[in-house]
Trainee: 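Structure below; questions to follow.
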Amino acid sequence: MRTSQLLIPTLREDPGEAEVVSHRLMLRAGMIRKVAAGIYTYLPLGLRVIRKIEHIIREEMNRAGAQEVLLPILAPAELWKETGRWEYYGKELFRCHDRHERAFCLGPTHEEVITDLFRREVRSYRQLPLNCYQIQTKFRDEIRPRFGLMRGREFIMKDAYSFDVDEEHAKRSYQKMYEAYHTIFTRCGLRFRAVEADTGLIGGTMSHEFMVLADTGEETILYEETGPYAANVEQAAVPPPHACSDEPLQPIEKISTPQAKTVEDVCAYLKIPPTRLVKTLLYQLKTGDVVAVLLRGDHEANEIKIKRYFGAADLALADPKTVQSVSNAPVGFAGPVGLRNIRIVADQAVYAMRNFVVGANETDAHFINTNWDRDFTVEAFVDLRRAKSGDPSPRGGGRLREAKGIEVGHVFLLGTKYSQAMKATFLDQAGQESFAVMGCYGIGVGRTAAAAIEQNHDGKGIIWPVPLAPFHVHLLPVSRAEAVERTTRKLYHALQDAGVDVLWDDRDERAGVKFNDADLIGAPFQIIVGDKGLVKGTVDLKYRQTGQTRGLAPNDVVSSILHQLSPSQ
RNA sequence: CGGGGCGUAGCGCAGCCCGGUAGCGCGCCUGCUUUGGGAGCAGGAUGUCGGAGGUUCAAAUCCUCUCGCCCCGACCA
């Protein structure tokens, strides 16, 4: 295509609204424009990248035996009420009404709609397994949309749903998708890692996230240096302590700790390391109940684990007023000793501790030499803390290390959560009515494009991996000389005829402008046609990635480009 | 929802503290020259100063309310 016929409004300066690299470069390269917070228009260049990703996804989904459908964006509230998610999904759900005041939502995900389709159309085990996918715009009323396409309120997603006769077959479907995702992201030219993950609002029994590795990622992952285990930090299990303290028990003693409200204060005041202290976090569950969670001083709470333990839909640290009424002291002095009428649970690390320090439920006072069982009781010792770099792996594969990632894909084994709620059944081989066992599988298409930029850019702009590049070759005539014009035109048609995606910068711009825009837009190859080269009978092939340039006879350009495109295509 | 910040020409910003009727750079238009890394000269167009109220002889500037956007947090796939 020719630049003069495309809307590619590149920006010389950084837009003020964009912080992260991918957002900034997408705006500057003229790929997207914002319409409202978290809502974007895809301009031709941005759309081409989206289409490339979609194409790879379609090929691999089809290859994996999934079939493409298109579900509606607008869904009636009744379906969402059947699964309880009309309430449970909360403010995240975009809701609206038709002229008859009937309630609808804009689909943030499509389990309800697809399960409804299944129960209407599928009768027999003979029709299974079934795996339907779509590439569709989703709507989620994010608390805080940000980072351009990375977290929008409207975004393009590939979502797939599998239906199987039983758990075992469902696991096979899950495994197939897991493998397809590996192929998809590998084909996209991304460095990524699959990690074990929490199931969140979607629910289910097993889940993996596909994380593109980038320092700017919003997610923290933990992985074994040498082994295969990797998990989202939200999910990463901490193995129980292997050795307990064998110190003799000392008598408990209340001491004054004026103004010492934080772990840091108390440790400094008592001259002890935080590993000798047990902090007491008071959480308020959605039900209103307050519970106490005990953690070693240097450990951090993992609220997902705590939620799971209490079976709570939601929880938050208790506010200062509640803390005061429960612990008889301001925030910072709560402790398990003498706490009445409240559930107390301890992280397993506390099990290994003896003679530790806790808050005394009294302003400016702590207990030293406290011991569980003797001085207070807890209902259980369980894994409640956030795993961190340096922790032993729960699978025994050495120590864990931390990395940042961008979640671009997520696969869930759902089980029968939705099929039961919506009575999606089929007749099995024995003639028995049976609930379909489901899985669901998502890929953020726009987010994948953004992640690719986060991972592949330099100070001048984007460096597209070949499979995602909006154009393979950026053809840059550098003067208006007749010979330049003629050679450029010939190359343009030859490349097009060879099936190469080529962008011809036919604008009447100076060379410097074209070079800078080309570097910004990030096509992997630039062909520079100029008088200097032509007198020697060559044009220049420049590699965006390395900046290296080499002279090439015009007649050799097509074969050279084809040769370099084919290994990665 | 809490904290911070910003809305002035297409984009990036100054002006606001201390009120006097809007400016800079880039871009855009015209002409000439230029043409291998964001050209030079000359001329030109472009603003409900986010919106609404108020104070004042006078408001981009002060006050009140409101809307939008960005960042941090809570939260979230």
Side-chain angles (χ1 to χ4, degrees), chain A residues 9-20 23-24 27-28 30 33-39 89-93 107-111 138-148 150-153 155-159 197-204 207-211 218-219 232 234-235 303-304 307 313-317 319 405-412 440-448 460-461 476-481 484 505 507-520 526-536 538-540 542 547 549 551:
Chain A
T10 56
L11 302 174
R12 184 188 290 213
E13 288 171 274
D14 277 337
E17 68 184 46
E19 291 291 309
V20 301
H23 187 196
R24 229 171 50 219
L27 288 167
R28 281 196 56 203
R33 284 295 182 262
K34 186 176 70 184
V35 174
I39 300 174
Y89 215 94
K91 289 188 177 169
E92 203 104 336
L93 195 60
T109 174
H110 279 81
E111 284 79 9
K138 304 288 193 209
F139 296 82
R140 296 186 191 175
D141 197 357
E142 282 291 328
I143 286 177
R144 182 143 88 89
R146 58 185 139 175
F147 306 153
M150 204 78 96
R151 181 178 294 273
R153 293 194 292 173
F155 57 99
I156 301 171
M157 183 170 169
K158 187 285 301 177
D159 48 326
D198 180 52
T199 53
L201 279 180
I202 306 288
S207 168
H208 287 86
E209 289 167 330
F210 285 77
M211 297 283 195
E218 286 189 273
E219 306 283 339
N232 191 308
E234 294 175 340
Q235 175 73 11
E303 293 189 356
I304 287 179
K307 260 188 219 179
D314 202 8
L315 54 71
L317 277 173
D319 59 85
I406 299 164
E407 181 197 348
V408 290
H410 202 155
V411 294
F412 299 83
C440 77
Y441 318 93
I443 292 179
V445 177
R447 192 183 275 185
T448 300
K460 293 178 168 182
L476 304 167
V478 113
S479 85
R480 309 201 64 192
V484 169
D505 192 342
R507 296 173 301 171
D508 185 16
E509 285 288 354
R510 302 171 67 79
V513 174
K514 293 186 180 182
F515 291 152
N516 281 305
D517 272 352
D519 288 344
L520 178 60
Q526 297 171 14
I527 300 286
I528 299 155
V529 185
D531 315 70
K532 281 186 194 169
L534 288 185
V535 298
K536 293 181 296 184
T538 64
V539 297
D540 288 339
K542 187 182 145 187
T549 300

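First the proteins, then the strands, lettered A, B, ... as listed; each starts at 1.
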Trainee: Could you go over nucleotides 27-35 of chain B and give all protein N or O partners under 3.5 Å, atom names and distances?
Mentor:
from	atom 1	to	atom 2	distance (Å)
B:U34	O2	A:Arg510	NH1	2.8

Trainee: Got A:Val478 and A:Lys532 here, is their nearest side-chain heavy-atom distance under 4.5 Å?
Mentor: no
Trainee: Say you pick atom C1' in B:A52 and the same atom in B:U48; how far apart are they, in whole Å?
Mentor: 13 Å
Trainee: Output the rounded distance in Å from CZ (A:Phe147) to P (B:A77).
Mentor: 17 Å
Trainee: Could you let me know what B:C1 is paired to, Watson-Crick or G-U wobble, both distances under 3.5 Å, or none if it's on its own?
Mentor: B:G73
Trainee: Taking the nucleotide of RNA chain B with the nearest heavy atom to each, does A:Val513 or A:His410 sit closer to the 5' end?
Mentor: A:Val513
Trainee: Has A:Phe155 got its ring stacked on B:A77, by the test of a centre gap below 5.5 Å and a plane angle below 30°?
Mentor: yes
Trainee: Base of B:G36, side chain of A:Asp540 - is there a donor-acceptor contact under 3.5 Å?
Mentor: yes
Trainee: Is there a Watson-Crick or G-U wobble partner for B:G43 with both distances under 3.5 Å, and which nucleotide is it?
Mentor: B:C29
Trainee: How many whole angstroms separate atom CG of A:Asp141 from atom P of B:C75?
Mentor: 18 Å
Trainee: For residues A:Pro15 and A:Arg28, report the shortest heavy-atom separation together with the two atoms involved.
Mentor: CD-CG, 3.8 Å
Trainee: Search all heavy atoms of A:Glu219 against all heavy atoms of A:Glu407 and return the closest pair with its distance.
Mentor: OE2-OE1, 4.1 Å
Trainee: So what's B:A59 paired with, Watson-Crick or G-U wobble, going by both distances under 3.5 Å?
Mentor: none
Trainee: Is A:Arg146 paired with A:Glu218 through a side-chain N to carboxylate O contact shorter than 4.0 Å?
Mentor: yes
Trainee: Show each protein N/O and nucleotides 40-51 of chain B N/O combination with a separation under 3.5 Å, one pair to a line.
Mentor:
none

Trainee: Heavy atoms only, 4.0 Å cut-off, all strands: where does A:Gly148 land among base, sugar-phosphate and nothing?
Mentor: nothing
Trainee: When the P atoms of B:U35 and B:G47 are considered, how many whole Å apart are they?
Mentor: 37 Å
Trainee: With sequence neighbours excluded, what pairs up with A:Asp141 under the side chain to side chain donor-acceptor pair (under 3.5 Å) test?
Mentor: none
Trainee: Using atom CD of A:Glu234 as one end and atom C1' of B:C75 as the other, report the distance to the nearest whole Å.
Mentor: 11 Å
Trainee: If you check the A:Asp519 side chain, which of B:G37, B:C72, B:C69 turns out closest?
Mentor: B:G37
Trainee: For B:C1 versus B:G10, give the span between their P atoms, rounded off to a whole number of Å.
Mentor: 32 Å
Trainee: Work out how far the C1' atom of B:G27 is from that of B:G20, and round it to whole angstrom.
Mentor: 32 Å
Trainee: Out of curiosity, A:Lys542 NZ to A:Ile528 CD1, how far, rounded to the nearest 0.5 Å?
Mentor: 6.0 Å
Trainee: Just jot down the side chain to side chain donor-acceptor pair (under 3.5 Å) partners of A:Thr538, sequence neighbours excluded, or say none.
Mentor: none
Trainee: What is the distance, to the nearest angstrom, from the CD atom on A:Glu17 to the P atom on B:C13?
Mentor: 11 Å
Trainee: Looking at side-chain heavy atoms only, is the closest gap between A:Leu534 and A:Val484 below 4.5 Å?
Mentor: yes
Trainee: Dump every N/O contact between nucleotides 1-11 of chain B and the protein below 3.5 Å, one line per pair.
Mentor:
none

Trainee: Just how far, in rounded Å, is C1' of B:G37 from NZ of A:Lys514?
Mentor: 13 Å
Trainee: Quick check: any donor-acceptor pair below 3.5 Å linking the side-chain of A:Glu142 to the base of B:A77?
Mentor: yes
Trainee: Between the base of B:C70 and the side chain of A:Arg146, is there any donor-acceptor pair under 3.5 Å?
Mentor: no
Trainee: Mind checking what makes side chain to side chain donor-acceptor pair (under 3.5 Å) contact with A:His110, not counting sequence neighbours?
Mentor: A:Gln134, A:Lys138
Trainee: Could you tell me the separation between the CG atom of A:Asp505 and the C1' atom of B:G38, rounded to a whole number of Å?
Mentor: 13 Å
Trainee: Using atom P in both nucleotides, what's the gap between B:A60 and B:U8 to the nearest angstrom?
Mentor: 15 Å
Trainee: RNA chain B: A:Glu19 or A:Gly533, which has the more 5' nearest nucleotide?
Mentor: A:Gly533
Trainee: Can you confirm whether A:Glu92 sits close enough to A:Pro108 that some side-chain heavy atom of one is under 4.5 Å from a side-chain heavy atom of the other?
Mentor: no
Trainee: Heavy atoms from C-beta onward define the side chain here; which of B:A77, B:G38, B:C76 lies closest to that of A:Lys307?
Mentor: B:C76
Trainee: Which part of the nucleic acid, if any, lies within contact of A:Glu303, taking any heavy atom under 4.0 Å across all strands shown: a base, the sugar-phosphate backbone alone, or nothing?
Mentor: sugar-phosphate
Trainee: Could you tell me whether A:Ile528 contacts a base, only the sugar-phosphate backbone, or nothing, with contacts defined as non-hydrogen atoms closer than 4.0 Å?
Mentor: base
Trainee: Which nucleotide, in any strand shown, forms a Watson-Crick or G-U wobble pair with B:G12, with both distances under 3.5 Å?
Mentor: B:C24
Trainee: What does B:G37 pair with, Watson-Crick or G-U, if both distances are under 3.5 Å?
Mentor: none
Trainee: Are a donor atom and an acceptor atom from the side chains of A:Gln526 and A:Asp540 found within less than 3.5 Å of each other?
Mentor: no
Trainee: Tell me the closest heavy-atom pair linking A:Ser207 and A:His410, and the distance in Å.
Mentor: OG-NE2, 2.6 Å
Trainee: Could you please name the partner base of B:G68, counting Watson-Crick and G-U wobble pairs only when both distances are under 3.5 Å?
Mentor: B:C6
Trainee: With rounding to whole Å, what would you report as the distance between B:C70 and B:G15 at their P atoms?
Mentor: 24 Å
Trainee: Considering only heavy atoms from C-beta outward, does the side chain of A:Arg140 approach that of A:Tyr89 to under 4.5 Å?
Mentor: yes
Trainee: Could you tell me whether A:Arg28 contacts a base, only the sugar-phosphate backbone, or nothing, with contacts defined as non-hydrogen atoms closer than 4.0 Å?
Mentor: base
Trainee: Rounding to the closest angstrom, what is the interatomic distance between B:G54 and B:G19 at atom C1'?
Mentor: 15 Å
Trainee: Ignoring hydrogens, what is the shortest heavy-atom contact between A:Asn232 and A:Ala197? Give both atom names and the distance.
Mentor: CB-CA, 4.5 Å
Trainee: Quick one: A:Arg24 CZ to B:G12 P, roughly how many Å, whole number?
Mentor: 14 Å
Trainee: State, to 0.1 Å, how close A:Leu27 and A:Glu17 come at their nearest heavy-atom pair, and which atoms those are.
Mentor: CD1-OE2, 3.7 Å
Trainee: In whole angstrom, what separates A:Leu27's CG from B:G12's P?
Mentor: 10 Å
Trainee: Go through the N and O atoms of the side chain of A:Lys34 and the base of B:G68, and report whether any donor-acceptor pair is under 3.5 Å.
Mentor: no
Trainee: Work out how far the C1' atom of B:A45 is from that of B:A9, and round it to whole angstrom.
Mentor: 11 Å
